[in-house]
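Each ligand, and each atom within it, is numbered from 1 in the order the structure gives.
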Amino acid sequence: MASVELNHIYKVYQGGVKAVNDMTLSINDKEFIVFVGPSGCGKSTTLRMIAGLEEISAGELRIDGRIVNDLTPKDRNIAMVFQNYALYPHMTVYENIAYGLRISRVPKDEIDKKVHEAAKILGIEEYLDRKPKALSGGQRQRVALGRAIVRSPKVFLLDEPLSNLDAKLRGDMRSEISKLHNRLGTTFIYVTHDQTEAMTMGTRIVVMKGGYVQQFDTPKNVYNYPANKFVAGFIGTPQMDFFDGTMKKDGEDVLFSLDNGVEFTCPYGLVDRISTSYMDGAKKICLGIRPDNFLVHEEWMDADKFPYLARVKLNVDIVEVLGGETIIYGYLRDKNGNVYTEKSIRVKTTHDVDVRSGDDIDLAIDLHKIHVFDALTEKSLIQKIPSESTVNITINSQEAKMNKVALKLEKGVSSEVEEGAAQMFIPSDAISFGTGDVKAKVRHSEVVSDKKLYELDVDGNLVFALAEPSVDYKDGEEIKIAIDQSRLSFHQNGKSIEAFNTTDVLSGKLVKSKEYKTYIYEVEGVKLPISQEQCQKLFSAKGKVILKTPLDFKTSAYDLDMTGKDFKGTVTALYDFGKGKKFAKVLLPSGNSLIVKGEDLTINGTVNFSLNMAKTFIIDHTISIILA
Ligand code: ADP
């Protein structure tokens, strides 16, 4: 039983291949975590780093709270099960299972007890005297599992354990491994390229691509709220179909115009999580529809179940009857009735339909289930937890006028924006409850993950606010909220005005100090001590090359130590966001500037501060890897 924590883990192979990039995951005790993604995305490398079979290039790995980077595999208290079973052919099943224990000099009677227990759990008691070659693939994989079980590891690591088995056996073994997990109550980490395995077995799944984590969530959330187009396409069979196009808001309707000539309208309420900046009829979006959410006539007749539909016509190409379900491939007809033959789409139905190649059929899109992505970034625009809300405003005399109400803009904001129309973006976590002077009415709230998501009406605008679960207001209640104006961003006159950036990077390096006879940092020309632990981390990540490596010191204004005196600079600009949120831009003697937070700041005044090393990221500048 153990938790597993990955903290900014990287793997760089010789030759510079970054197989795993900045992976930070917190895996709880007893979870069944599945790493899934296409071949070469870094799944096995990650698992092998957890096992201790592959060195970690940078980052921290903890098992049960303890840093294990430098522990050998056998000291990590983990057991690994491989795809190719790795059984000894000359030993019996019994001997194979007992082997690890025998090497560890476990008493014979204890070995015997453990082997029989494991064999019983796995249903292989009657084969204990056989050699592996007299077993089927599924039985061999059970033996491999048995060998792991008898060691009572804290964490089970399984690397594509079922991929050598045929489809039927894979299905059976899938549920057996899930049962085994329930029975042992141990943390399981499982690697597969098969999304069905991931969806059916994982308590949470990690979807990877190109060495990066794309999403880490429950199977249900990954399916219903994919973080981006890649995840949406990778999870779910048959695959989601994608259509480029635009959206245009017209009162309470939104018109989707797809590049394939198909048009339909959707009530705004179903897509109100999407910023209206995407609904101007010009900005490119990508619509995603799963084959299950194209409904055939028999399905949508059940109107109570599907109140929001958009009708489209399909020219059928191929029909695949798979027994319980049918997959229809075909081409959509555009708004003029022409068949769009460039891309075929898939429709999946469990109804008994009588359609043939060449038929024209009526379909309906279940509008509750559509997905929309930014065409450029491919990020999902319908997030489970919307990251921000968009409010249309007019800026006049340092006030942001919404519909009837005006929000007084603090100096730090009003100096950045111009008079006139603008869109204002409010991050969902920039709103606090109970303290402010902005009137809001609760429309609805729901618990999402470990937070509470509120949908608020602020002067006729829908505003999302993320709160702690203890914040408790009823639907319809009139409340007061405060908006952290330093977090606002804007779109005005065709340009984006980004939210105030409180993160800065200082340049430095690690040097050997003659004076102190030890290693120290030199940051923007200032000498700073380094903890022994951090020094060890840097050397273990890079070796001696660390002394020649340019380092970036990334810090936030919120994390600086304003009582410290290491750095001295001159205030060149002040930003006042009200309510005790005052920042200053400080010019250092090196010529570099950074933002600090403080109360008694005056322009041209002198400021002293120190870095809080516990909260500063130290990054290898040349390859962008967080070293400490
Ligand atoms: P997956 O398990 O998702 O198929 P891997 O973790 O095996 O992916 O590989 C991730 C990437 O690292 C791939 O690009 C692969 O070519 C590369 N890679 C794996 N092992 C090595 C190695 N020993 N040396 C160099 N590159 C490697």
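- Near G40, with a cut-off below 4.0 Å to any heavy atom, the atoms of ligand 1 are 1 (P), 3 (O), 4 (O), 8 (O), 10 (C), 11 (C), 13 (C), 14 (O).
- Taking a 6.0 Å sphere around CG of N182, one finds it holds more than 12 heavy atoms contributed by other residues, nucleotides or ligands.
- Protein non-hydrogen atoms do not reach within 4.0 Å of atom 16 (O) of ligand 1.
- Ring orientation note: the planes of F156 and F188 are close to parallel, at an angle under 30° on the 30°/60° scale.
- Of the charged side-chain nitrogens involved, at least one lies within less than 4.0 Å of a carboxylate oxygen, so that R346 and D241 count as a salt-bridged pair.
- Less than 4.0 angstrom separates some heavy atom of A19 from each of these atoms of ligand 1: 10 (C), 11 (C), 12 (O).
- Cation-pi check for K11 over Y13 is met; the charged atom lies under 6.0 angstrom from the ring centroid and within 45 degrees of its normal.
- When only non-hydrogen protein atoms are considered, atom 5 (P) of ligand 1 lies nearest to T45 OG1, 3.5 Å.
- Between I625 and V12, the closest side-chain pair of non-hydrogen atoms falls below 4.5 Å.
- Within ligand 1, counting atoms from 1 as listed, the ones closer than 4.0 Å to a heavy atom of C41 are 1 (P), 3 (O), 8 (O).
- At least one heavy atom of S39 sits closer than 4.0 Å to an atom of ligand 1.
- F243 carries K343 over the face of its six-membered ring, with the cationic atom under 6.0 Å from the centre and within 45° of the normal.
- Using a 4.0 Å threshold on non-hydrogen atoms, atom 10 (C) of ligand 1 counts as touching the protein.
- Protein heavy atom closest to atom 19 (C) of ligand 1, with residue, atom name and distance, is Y13 CE1, 3.4 Å.
- When the heavy-atom distances from atom 8 (O) of ligand 1 to G210, S44, G42 are ranked, the shortest goes to G42.
- Within a 6.0 Å radius of NZ in K554, other residues, nucleotides and ligands contribute 12 heavy atoms or fewer.
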